[in-house]
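Input: a single structure, listed below in structure tokens.
A note on names: the letters A, B, ... follow the listed sequences, proteins ahead of strands, and every chain is numbered from 1. All values below were derived from every heavy atom in this structure, side-chain atoms included, with hydrogens, water molecules and symmetry-related copies excluded.
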Protein chains: 2
Amino acid sequence: MRAVPEQEQTAASLTLEDIAKLAGVSRSTVSRVVNEQPNVRNDVRQRVLDVIQTTGYQPNAAARALASQRSWTLGMILPHSVSFFFTDPYYPHLTKGIAQACNQHDYTLAFFLVGSKEDEEKIFPRVSRRGLLDGVLVQSGHHGDQEIISHLLDANIPLVVVGRPFRYDNVSYIDIDNVNASFNAVGHLMRLGYQRIGTITGPPNSTVGIDRKKGYLKALTERGREIDEALIVEGDFTETGGYYAMQKLLSSKPDAVFAASDIMAIGAMRAVRDAGLAIPDDIAFVGFDDLPIATFSDAKLTTMRQSVVEFGEKSVELLIDLIENGSQTPHHIILDTELVIRDTCGAKKRN
Amino acid sequence: MRAVPEQEQTAASLTLEDIAKLAGVSRSTVSRVVNEQPNVRNDVRQRVLDVIQTTGYQPNAAARALASQRSWTLGMILPHSVSFFFTDPYYPHLTKGIAQACNQHDYTLAFFLVGSKEDEEKIFPRVSRRGLLDGVLVQSGHHGDQEIISHLLDANIPLVVVGRPFRYDNVSYIDIDNVNASFNAVGHLMRLGYQRIGTITGPPNSTVGIDRKKGYLKALTERGREIDEALIVEGDFTETGGYYAMQKLLSSKPDAVFAASDIMAIGAMRAVRDAGLAIPDDIAFVGFDDLPIATFSDAKLTTMRQSVVEFGEKSVELLIDLIENGSQTPHHIILDTELVIRDTCGAKKRN
DNA sequence: TTCAATTATGAGAGCGCTCCCATAATTATA
DNA sequence: TATAATTATGGGAGCGCTCTCATAATTGAA
């Protein structure tokens with residue numbers, strides 16, 4: 001059933017043994033050179049390298065994986081809950097960060113986008129199949145993802161959750177300090193003198209949604225402000241969600257709004273303009289994420305920056321660390337955020 | 001250097017041989033059962049299946065790949081040109097379609113997101129490494145992607161381009177008939193009686209941009225209308241690009257606009273509203289893609305539907321066909337589109 | 001110059017499958 | 001019932017690597 005080998009002995013179908021013969025050394029020596037191991041004489045190493053160079057030899061990934069019990073492939077799972085993969089550009093960006101980090105570390109990224117809850121069942125055995133993945137990244141932080149996480153935990157496969165999961169004591173994850181970041185974002189608005197600061201939150205079944213709201217509340221209460229429930233409206237991390245949330249908020253007459261994501265801030269600002277109000281003069285804004293879209297609009301968005309690139313990098317590095325050093329105690333990494341002051345908060349006008 | 005096996009002989013680390021022993025048959029028989037091959041007595045098959053079921057056995061992917069010379073993994077390459085991966089939700093959607101199709105066909109999807117032109121060099125040897133991928137999908141249609149495509153072609157790896165590339169005589173690709181689709185979209189506006197139909201095109205270094213503009217021109221000229229260059233403005237498949245393009249267009253006083261993508265249409269409609277004009281009464285709109293966002297806004301977008309799910313499915317199926325039947329003649333698949341009439345074209349008001 | 005320590009090299013086994021082929025069991029046909 | 005055809009099963013080789021271990025070459029110290 002194997003395809004008939006045509007004319008060619010293509011470069012890529014050469015084996016270690018072939019290279020060894022061409023370089024006049026043994027398979028083992030070539031293997032050492034390929035894997036940059038010591039104990040090869042310099043001239044020999046160079047000779048082998050030359051042969052590899054001219055032939056364009058590439059080691060066979062499957063053979064290497066079988067022999068070394070390492071596939072050099074990481075899995076990334078997007079659970080069904082991450083259907084805003086399509087509505088919040090944050091996810092594509094994060095995905096890019098992860099993909100790039102994998103490249104840099106010479107890992108291949110396998111992508112498991114779970115379309116439906118049933119798909120999760122189907123994907124699970126695939127992910128836990130030996131010889132395919134060295135470790136798994138799960139983009140999560142949603143309440144519905146507990147099951148898949150504990151599945152993965154049971155399978156004893158190195159695992160990093162990207163975003164804090166609901167139960168996290170026994171799993172490694174990476175996140176930013178959402179509470180504190182939001183606290184600072186709202187604090188910034190308070191320092192600028194705004195009196196009626198509203199917020200558009202994320203959904204309450206996500207840790208991100210919960211934490212950012214918590215930071216908002218904390219900022220107000222710690223400085224003795226009263227919480228006005230009418231100033232808190234739930235969004236869903238979509239632009240449209242932000243738009244409608246803002247429409248509701250408008251009746252409570254806020255003078256500033258902290259939106260839990262840039263994309264919601266953009267939707268909300270559109271609602272403000274549609275209502276004939278000006279930003280930041282009538283209503284000031286602070287967003288969250290600092291995606292490129294934050295600067296696309298006329299009014300550049302003041303926002304809490306989290307470096308998605310760094311987020312991706314660190315997730316991958318944590319996972320690789322887990323794979324290579326296999327510690328059993330879960331690691332929790334919290335990345336920094338930084339307030340980026342642009343136009344929409346009104347800070348510049350007040351200087 | 002191998003990790004010390006702790007207490008467990010986890011289910012997933014069982015081998016074919018173990019299952020054989022447990023079921024009282026040979027390795028070969030288990031292999032036949034696992035791979036759903038004939039020539040196994042029913043009761044034996046059932047016995048083996050039971051053992052597999054209870055042990056949770058999963059064949060080792062690397063071993064299977066090595067022995068069968070098939071990795072059951074497809075690569076998806078997003079060249080650097082697809083940086084609008086982050087600005088046009090079309091790409092995440094398409095990615096989802098592809099990911100789901102891979103799942104359905106029991107392939108794993110490996111994801112190569114090329115961050116920079118230099119990355120392309122780095123990714124190339126990885127992709128052409130034997131034993132890793134059975135075939136490759138390239139999301140393309142951009143002028144800058146010729147190089148990577150011919151690289152892949154040289155490497156003699158089964159290849160499907162998703163979107164028509166600039167040179168396509170020697171490569172398999174899948175696309176929609178963009179010219180005809182746009183022709184129909186614009187024809188729809190003409191039939192509704194609009195006189196000054198403008199267009200916001202895609203960039204001219206993409207086949208999609210070129211073809212959709214071509215369809216626009218064809219629709220006008222075939223019906224004896226004159227082309228007014230002032231009614232043609234270039235966009236870049238981003239919402240912001242659509243917004244600014246529309247601002248330019250406004251001075252030419254169009255009564256209808258065909259936008260080459262939904263996301264640009266949405267940006268453009270925002271510009272129209274910001275200018276105090278109504279949709280569709282002052283300016284009618286037809287978009288292209290029919291992404292979910294088309295229906296999010298208040299004014300539901302009339303648009304040319306291309307099924308991204310089907311697009312993904314068909315790409316994967318074409319690639320699998322190439323892998324399994326390995327024909328040398330390139331296949332070109334053109335999918336259908338369908339005009340979805342909603343509010344923004346004004347058709348409903350006129351009935 | 002001699003022997004120990006160190007470094008370089010090669011041979012062999014084995015990773016866990018698939019696939020071919022030989023043989024055993026079963027069924028069909030005469 | 002005997003023999004041919006068919007179907008079921010098992011054993012062996014091999015996919016292309018890695019990694020351990022034995023041995024050869026080189027260097028250092030006495």
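Rounded to whole angstrom, the span from the CZ atom of A:R27 across to the C1' atom of D:dG14 amounts to 13 Å. Here the P atom of nucleotide D:dT18 and the CD atom of A:E36 are 12 Å apart, to the nearest Å. When the P atom of C:dG16 is taken as reference, atom CZ of A:R129 falls 15 Å away, rounded to whole Å. Distance A:R64 CZ to D:dC15 C1': 16 Å, rounded to the nearest Å. Distance, B:Q37 CD to D:dG10 C1': 15 Å, rounded to whole Å. Rounded to an integer number of Å, the gap from CG of B:L16 to C1' of C:dG14 is 16 Å. Residue B:I19 contributes atom CD1, which lies 18 Å from atom C1' of D:dT9 at whole-angstrom precision. To the nearest angstrom, P of D:dC15 lies 9 Å from CD of B:Q69.
Heavy-atom distances to DNA chain D give each of B:A63 and B:S28 a nearest nucleotide, and the one nearer the 5′ end belongs to B:S28. In this structure, B:N60 and B:R32 both approach DNA chain C, and ranking their closest nucleotides by distance from the 5' end singles out B:N60. Each of A:S31 and B:R45 lies near DNA chain D, and the nucleotide nearest B:R45 is the one positioned closer to the 5' end.
Side-chain contact between A:Q139 and A:I98 is present, with at least one heavy-atom pair separated by less than 4.5 Å.
In this structure, B:T29 reaches the sugar-phosphate backbone alone: every heavy-atom distance under 4.0 Å involves primed, P, OP1 or OP2 atoms, never a base. Residue A:N39 is in base contact, counting any heavy-atom pair closer than 4.0 Å across all strands shown.
When the local axes at the two ends of the helix from C:dT1-D:dA30 to C:dA30-D:dT1 are compared, using 5 base pairs at each end, they differ in direction by 30° after rounding to 10°.
Residue B:A67 places its side chain closer to D:dC15 than to any other of C:dG10, D:dG16, D:dC15. You'll find that the side chain of A:V25 is closest to C:dG10, out of D:dC17, C:dG10, C:dC17. Nearest to the side-chain atoms of B:T15 among the listed nucleotides C:dG10, C:dC17, D:dC19 stands C:dC17. Closest approach to the A:V40 side chain among C:dT9, C:dT18, C:dG16 is made by C:dT9 (side chain taken as heavy atoms from C-beta onward). Closest to the side chain of A:P59, from the set D:dC17, D:dT18, D:dT9, is D:dC17.
Residues A:P125 and A:K122 approach most closely at CD-O, 3.4 Å, considering heavy atoms. Taking both residues in full, the closest heavy atoms of B:S26 and B:A20 are given as C-CB, 3.6 Å, listed atom of the first, atom of the second, then distance. The two residues A:I157 and A:G135 come nearest to each other via the heavy atoms CG1-CA, 4.2 Å.
Judged by distance alone, the side chain of B:T73 and the main-chain N or O of B:L133 form no donor-acceptor pair under 3.5 Å.
In this structure, NZ in B:K314 is found 13.5 Å from CD1 in B:I176, a value given to the nearest 0.5 Å. Interatomic distance, A:L153 CG to A:R167 CZ, rounded to the nearest 0.5 Å: 9.5 Å.
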For each nucleotide in nucleotides 22-27 of chain C, reading 5' to 3', give B when a protein heavy atom comes within less than 4.0 Å of its base, S when such contact involves only the sugar-phosphate, and - otherwise. ------

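Residue B:Y168 qualifies as open at atom OH: its count of foreign heavy atoms under 6.0 Å is 12 or below.
In terms of the side-chain contact (heavy atoms from CB on, under 4.5 Å) criterion, residue partners of A:H105 (sequence neighbours excluded) are, by chain and number, A:Y107, A:V316, A:E317, A:I320.
Regarding contacts with the backbone of C:dG16, every side-chain N or O of B:Y57 stays at 4.0 angstrom or more from both OP1 and OP2.
Considering A:V51, A:V34, A:L22 in turn, A:V34 is the only one that fulfils the side-chain contact (heavy atoms from CB on, under 4.5 Å) rule with A:Y57.
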